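Input: a single structure, listed below in structure tokens.
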Amino acid sequence: MSGRARYDPIGRAFQLMSLGAILSEQHAVLGLILTFLSGSIFYLVGFSLVAWTSLWWVRQRFMQSLGTLPNA
């Protein structure tokens, strides 16, 4: 894996960003479904916080990956 990351840093950054966005969207949708089924607003608030936190984390990791790209 580390050998592939050395040769394809742009693909690695894209993979990290896309996987993180999918996971964040999954948290948001799951929270919305649980909110509708339970009628509790606490699920909406909790899963919204989880989704925003994971998006922030993905952005930080993406920026870190961009920083490691070699200058062209």
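The structure presented is a predicted model; accordingly, all values stated were derived computationally and were not measured. The figures here come from the full heavy-atom set of this structure, side chains too, leaving out hydrogens, waters and symmetry mates.
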Got a second to check how far L55's CG is from E25's CD, nearest 0.5 Å?
9.5 Å
So how far is it from L34 CG to F42 CZ, rounded to the nearest 0.5 Å?
15.0 Å
Excluding sequence neighbours, so at least two apart, what forms side chain to side chain contact (heavy atoms under 4.5 Å, CB included) with S38?
S40, Y43
In terms of heavy-atom contacts, does CD of Q60 have more than 12 from other residues, nucleotides or ligands at under 6.0 Å?
yes
Rounded to the nearest 0.5 Å, the OG atom of S54 sits from the CD1 atom of I22 at a distance of 12.0 Å
Contacts of type side chain to side chain contact (heavy atoms under 4.5 Å, CB included), residue R59, not counting sequence neighbours:
M63
